[in-house]
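The chains referred to below are lettered A, B, ... by the order of the sequence lines, with proteins before strands, and numbering in each begins at 1.
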Amino acid sequence: MTLNLPASDQRFDAIVIGSGISGGWAAKELTEKGLRVLLLDRGHVVAHGEYPTEGKAPFELPFRGDTPPQELLRDHAVNQANEESKHFFNNDRLNPYAREDGQPFDWIRPAAFGGRSLVWGRQSFRWSRFDFNANAADGHGVPWPIGYDDLAPWYDHVEIFAGIAGSAENLPELPDSRFLPPHKMNVAELWFKQQVETRMQGRRVIHGRASNITVDRPDQNRTKCQNRRQCHRGCSFGAYFSTQAVTLPAAEATGRLTVLADRVVQSLVYDETAKRVTGVRIVDTQSGTAETLTARIVFLCASAMASVQILMHSRLSNGETSFANESGMLGRGVMDHPTKARVTGTPPGLDDFIVYGQPPTGFVVPRFRNLGEQDPDADFVRGYFYHGIARRMPSLAPGFGAEMKHAMRRYDPWRVHLLTFAECLPYSDNRVTLHPEKVDRFGVPQLVFNVAYRDNEQKLLQDSMVQARRMMEAAGLQDIQTSYSEPTPGSAIHEMGGAPMGTDPRTSVLNRWSQAHAASNLFVTDGAQMNSSSCVNPSLTYMALTARAADHAARQIREGAL
Amino acid sequence: MTHHSEGFDLDRRSALAGMIALFGIGLHPALARAAAAGADPGFSASRSLFTPTQRNTVALLSERIVPTTDTPGAIAAGVPAYIEMMVADWYDGEDATTFLSDVDAFDALANTRYGASLERLPAQRLDALLTAAMEGTAPGLSSRAFDHLKQLVLTGYYTSEVGVTQERLYVPVPGESDGRYPYAKAGRIIVTNLNFL
Ligand SMILES: Cc1cc2nc3c(=O)[nH]c(=O)nc-3n(C[C@H](O)[C@H](O)[C@H](O)COP(=O)(O)OP(=O)(O)OC[C@H]3O[C@@H](n4cnc5c(N)ncnc54)[C@H](O)[C@@H]3O)c2cc1C
């Protein structure tokens, strides 16, 4: 890694803000297209392979995997990070948001270079035609200015490089990726799949889709997944997609990348006459030194809410309004995925088997509600899907003594779990704003969240529990149980929206190339640009949108338009 | 953990929380609090809390709950020190007081029933005391004394090196996954990461 060069001495074609999933892709694509790129992140450096807790047994961690309670309350009150990966999670005390001043929202942020690519759950799905058509079809939110076909080649592009393991299913509601062979289902998952698919017409139980590779990739210096299931600690095998393992080495290989860690971006400098971003104001988080960097183009990839915050704080000469908020839409339409509805049951007759080696994914049940047209029995729009897994827990034996101890060597029966992830509508008054007084230690006004789930989200969750129970009953599971707790927005960590893309600058912040209407040399390619949420995990779509925007930016530079 | 993103956040669950999941309802409130807060199941208390007699009683009872069999028991696994740490650093005043008074009550019971201090009792008499505690027929003990002691012993034992590597089968780098592995081949719980699954 090229580190801590005096940045202002250099000339860059592009500055990429944020080195997470989106920013890593921006750096790779832009450098590979010949641009000299500066990649900035507020996080501290974590070099690939230098993952502090990787491979450690419980008794090799001072606190056996837990963060001491005093520290947890003090520094990780929001993200609740444990000892295994707390060094990758934000210090919620040092870097607060105005949590008490809005509605409850869990904003779960990273602390290290590479962002949340180090700790993410790696579930990777394409969005479908239904998703891109949703806003236009039912009138909620700004219609997407692009369709599935615009993004499909870019999905191909990022999937081939990132490596997504999954099974081709040819389902319009969950389009196939360019897959590596899937991770294996266990005996109970296979049983559940077979039962559901033979007994419930049209209902599918398919392999999870994970960015953990199932074949070695010596060209990328990556080794296939070892089934350790400790991805969130970092993987020196490079088995899962992270900035460190995948996009950063590619960008560095071009010789055109400069990296600056420990640099927080406060705001962008905007030239109102030229309608361009002319600088990036940064502060060195260690020394406190501030400076303004310049480049021809800027890719804002600080993650959805952080990018919106930077945009809001990038003001016109009146000192009041953001240059990017002509539409009034900046900060509006914030979404996450309602979850926390779970149904479980026990498959009969599989007690002789257990799992050896923990694969990095379970299974999924693709969306089946309101596909293309409204289901007659649905009093809600859009849909949900389930993440699922079947597993056995160690038994808790009654009594004490040798007999109990040896009975504790057995497992409880299998449990099949279905956990809902539902789509959240893009309500324009689900929004973030800047606090009028509270600033963080870099002088940036703190974000206030006013985001709430509403009737449609509640109905989706309720329906998902009814349907999951039906599936389990049809499959012949026993001891079926439902659990539900009110989801706090943000807690699914799929927060998105706030700078929607659209064709009309009066109702959107970005155009169809993720390019700001107000500044053609600014691209916002993370979750901020989303104007609907689908129900599937979003990050693969950020990757594809980022690669597409980078291609467009490079082409415009070549054509002299930027 | 307050959030689930991948679906099943096995990944971010800690050893203690994993143990807690086993106990389900009926968990000692202090242990539940510790798990919710991300308790430290490390084995060194910040202050010494037990009297020598109490320390001894806790050790003897722990070893009867998880005895040495074909694998080491609670004492070899460092469970008594773990319990002292939990009671000293985690239990709030009231819970700690109850715990200490239960420990003292075990001692008192040894004296009234058998006319000897607890440390002089043979194993089957210790077991008889524990059985009485379990069945709620031991005078002077709080109603859930046995359950709470057992929870502490099990949590400490199964997060220890002995618990992970000797009592259970520790497979940190499985390489492949076999989702149809015959239990009979392992005969144990396989631990691959902190979640012991
Ligand atoms: C535990 C967990 C599980 C998840 N599971 C999944 C999953 O299975 N599938 C899925 O699709 N998604 C999942 N997600 C969500 C996923 O991590 C995010 O969608 C994704 O990382 C977003 O990418 P990003 O590049 O926009 O943001 P990030 O990855 O968060 O990166 C943003 C970067 O910008 C930097 N930054 C922020 N503000 C500034 C600033 N002012 N100046 C300089 N730098 C700044 C940050 O330090 C960070 O490195 C999960 C997240 C978590 C935490």
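If you tally non-hydrogen atom pairs under 4.5 Å between each of B:K185, B:R64, B:E176 and chain A, the highest count goes to B:E176. Comparing A:I354, A:D351, A:T223 by how many heavy-atom pairs each has under 4.5 Å with chain B, the most go to A:I354. The most heavy-atom pairs under 4.5 Å with chain B, out of A:G55, A:A188, A:G357, A:C225, come from A:G357. No other option in A:G399, A:G208, A:P398, A:P359 has as many heavy-atom pairs under 4.5 Å with chain B as A:G399. Chain B forms more heavy-atom pairs under 4.5 Å with one residue of A:E83, A:R409, A:Q226 than with any other, namely A:R409. In terms of non-hydrogen atom pairs under 4.5 Å with chain A, the most contact-rich of B:T131, B:T165, B:V173 is B:V173.
With a threshold of 4.5 angstrom between heavy atoms, B:P172 approaches chain A through N, CA, C or O but not through any side-chain atom. Only the backbone of A:A397 comes within contact range of chain B, with at least one heavy atom under 4.5 Å from a heavy atom of that chain. With a threshold of 4.5 angstrom between heavy atoms, A:K184 approaches chain B through side-chain atoms but not through N, CA, C or O. Proximity to chain A is limited to the side chain of B:V171, based on heavy atoms less than 4.5 angstrom apart. Only the backbone of B:T68 has a heavy atom closer than 4.5 Å to any heavy atom of chain A. Contact of B:A186 with chain A is made through the side chain alone, with heavy-atom distances under 4.5 Å.
Other residues, nucleotides and ligands contribute over 12 non-hydrogen atoms within 6.0 Å of the CD atom of B:E135.
With respect to the salt-bridge test (charged N to carboxylate O, under 4.0 angstrom), the residues B:D70 and B:R188 qualify. Salt-bridge check for A:E403 with A:R410: failed, with every basic side-chain N at 4.0 Å or more from each acidic carboxylate O. Using a 4.0 Å cut-off between charged side-chain N and carboxylate O, B:D147 and B:K150 make no salt bridge. Using a 4.0 Å cut-off between charged side-chain N and carboxylate O, A:R99 and A:D92 make no salt bridge. Salt bridge A:R233/A:E54: absent, no basic N to carboxylate O contact under 4.0 Å.
The aromatic rings of A:H337 and A:H494 sit perpendicular, their planes meeting at an angle over 60°, well past the 30° parallel limit. Ring pair A:F363/A:F192 is tilted by interplanar angle, where 30° to 60° counts as tilted.
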